[in-house]
Amino acid sequence: MTGLLSRILPELEECIDFSQNNPHHEFSLFEHTIKSTANIKPELHLRLAMLFHDIGKIHTKTVDRNGVDHFYNHETMSVKMAHKIMERMKYDNRTREKVVRLVRWHDYRIKPCEESVRKAVYRIGKEDFEDYLLIRDADIRAQGSRYLNEKLEHHRLIEALYREVLNSGAPLSLKELVVNGHDLLDAGVKEGQDVKDTLNYLMKKVLEDPGRNQKNVLMEFARQRNNL
C-alpha cells in the first residue's frame with residue numbers, strides 16, 4: 001500500500017472494508033464503488049458520478065433489529081460529499097453540477113409505466129435522463145445480489161418505455177407546453193409565483209395525460225385553478 005488514496009481521496013479510503021450487510025448487496029462499499037465505476041462509459045462526469053454515488057453511505061448506515069444494514073437518504077449525503085470533494089480537487093463548475101445532479105438521482109426508482117417514466121424524465125431532466133439510465137445500469141450490475149436478473153429486467157423495461165415516450169412526442173418539459181406565462185398573464189393569472197405554480201400544475205396534468213397539451217384544455221385548467 002502506498003498511502004496515496006488517503007492523501008487524494010480519504011473519503012474513498014473509508015469505504016474499504018465497509019460492509020453492506022443487506023440482501024441487495026454482495027460486495028463491500030469499496031468493491032461496489034470500483035465495480036460500478038468500471039461498468040460505466042469512460043466519460044469524466046459518468047465515472048465521477050459512479051465514484052461518488054454511494055460515498056455518503058459511510059455516514060448514513062443504520063442497522064435494524066434483524067441485523068440488516070440500511071442507508072436511508074445516502075444520496076443526499078453523497079451529493080454534499082461529492083460537491084465538497086470536487087471543489088477541493090478543482091473541477092470546473094459545469095462538471096461539478098452535472099455530477100452532483102446524477103448522484104442526486106442515481107437511486108431514483110421508476111414504476112414500469114409510461115406515466116411514471118414521463119414524470120421521471122421531467123423531474124430528472126431530459127438532458128440528464130439517458131445518463132441516469134447508464135448510471136442505474138452500472139449500479140445494478142455492481143450489486144451482485146440475488147435480485148440482479150430481476151432488477152436488470154425491470155431496468156430494460158424502463159429503457160424501452162423511455163424510447164416509447166420519446167417516440168410519442170409527449171411533452172416532457174415546461175417549454176413543450178402549448179401554454180406559456182404570457183398566456184396566463186393575459187388570462188388574469190397574477191404575475192410571479194402564481195404564474196410559476198400554475199405552469200407546474202399544468203405540466204403535472206400533461207404528464208398524466210399528454211393529450212391534454214391543447215391550449216383550450218390547459219387554459220380551462222388554469223382558469224379553474226385560479227378562480228378566473
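What you see below is based on every heavy atom in this structure, not just the backbone, and it leaves out hydrogens, waters and symmetry mates.
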Step-by-step side-chain hydrogen bond (donor to acceptor under 3.5 Å, both in side chains) determination, D54 to H32: CA-CA 9 Å; D54 276 352; H32 168 71; 3.2 Å; yes

Pair E220-R223, salt bridge (charged side-chain N to carboxylate O under 4.0 Å, His left out): steps then yes or no: CA-CA 5 Å; E220 181 58 28; R223 283 189 286 269; 3.5 Å; yes

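Evaluation of the side-chain hydrogen bond (donor to acceptor under 3.5 Å, both in side chains) rule for Y108 yields R123 as partners, not counting sequence neighbours. N39 pairs by the side-chain hydrogen bond (donor to acceptor under 3.5 Å, both in side chains) definition with nothing, not counting sequence neighbours. Qualifying salt bridge (Lys or Arg N to Asp or Glu O under 4.0 Å) partners for K41, counting only residues two or more places apart in sequence or in other chains: E43. In this structure K205 satisfies the salt bridge (Lys or Arg N to Asp or Glu O under 4.0 Å) test with no other residue, sequence neighbours excluded. For T95, the side-chain hydrogen bond (donor to acceptor under 3.5 Å, both in side chains) partners are D92, not counting sequence neighbours. Applying the salt bridge (Lys or Arg N to Asp or Glu O under 4.0 Å) rule to R141 yields the partners D137; only residues at least two apart in sequence or on another chain are considered.
Although no hydrogens or angles enter the test, the distance criterion places a donor-acceptor pair under 3.5 Å between the side chain of T33 and the main chain of L29. Of the possible donor and acceptor atoms, one in the side chain of N22 sits under 3.5 Å from a partner among the backbone N and O of D69. A donor-acceptor distance shorter than 3.5 angstrom exists from the side chain of R47 to the backbone of T37, with no hydrogens or angles considered. Looking at N180, its side chain does come within 3.5 Å of a backbone N or O of H182 through a donor-acceptor pair.
Between I40 and L134, the shortest heavy-atom contact is CD1-O, 3.3 Å. Taking all atoms of both residues into account, the shortest heavy-atom contact from P171 to N213 is CG-ND2, 3.2 Å. A pairwise comparison of heavy atoms in G56 and T60 identifies O-OG1, 3.1 Å as the closest pair. Closest non-hydrogen pair, I55 versus S78, comes out as N-OG, 3.5 Å. Nearest heavy atoms, H53 versus S36: CE1-OG, 3.3 Å. Shortest non-hydrogen contact noted between L9 and R88 is CD2-NH2, 4.1 Å.
V189 pairs with exactly one of N226, L199, D197 by the side chain to side chain contact (heavy atoms under 4.5 Å, CB included) rule, that one being N226. Test R101, E75, H74 against H106 for side-chain hydrogen bond (donor to acceptor under 3.5 Å, both in side chains) and you get one pass: H74. When each of R96, E97, M50, K98 is tested with H45 by the rule side chain to side chain contact (heavy atoms under 4.5 Å, CB included), just one qualifies, namely K98.
A salt bridge links E115 to K119: at least one charged side-chain nitrogen sits closer than 4.0 Å to a carboxylate oxygen. In this structure, K126 pairs ionically with E176, as a charged nitrogen and a carboxylate oxygen lie closer than 4.0 Å. Ion pair E164/R118 not flagged as a salt bridge, since none of the NZ, NE, NH1 or NH2 atoms sits closer than 4.0 Å to an Asp/Glu carboxylate oxygen. Between R109 and D107, at least one side-chain N (NZ, or NE/NH1/NH2) sits under 4.0 Å from a carboxylate O, which counts as a salt bridge.
Using a 4.5 Å heavy-atom cutoff, the side chains of H155 and L133 are in contact. Looking at F30 and D17, their side chains never come closer than 4.5 Å, going by heavy atoms from C-beta outward.
For K57 and F18, the positive end is not near the middle of the six-membered ring at less than 6.0 Å and at most 45° from its axis.
Both L218 and M203 are assigned to one and the same hydrophobic cluster, defined by single-linkage of ILVMFWY side chains at heavy-atom distances under 4.5 Å. Using a 4.5 Å cut-off between side-chain heavy atoms of Ile, Leu, Val, Met, Phe, Trp and Tyr, with links allowed through other members, L174 and F221 fall into the same hydrophobic cluster. Hydrophobic clustering (side-chain heavy atoms under 4.5 Å, transitive across Ile, Leu, Val, Met, Phe, Trp, Tyr) keeps V79 apart from I124.
Annotation: the span from Y132 atom OH to I110 atom CD1 amounts to 3.5 Å, rounded to 0.5 Å. Between the CG atom in L152 and the CG atom in L157 there is a gap of 12.5 Å [rounded to 0.5 Å].
Annotation: D64, atom CG; neighbour count of heavy atoms from other residues, nucleotides and ligands within 6.0 Å is above 12.
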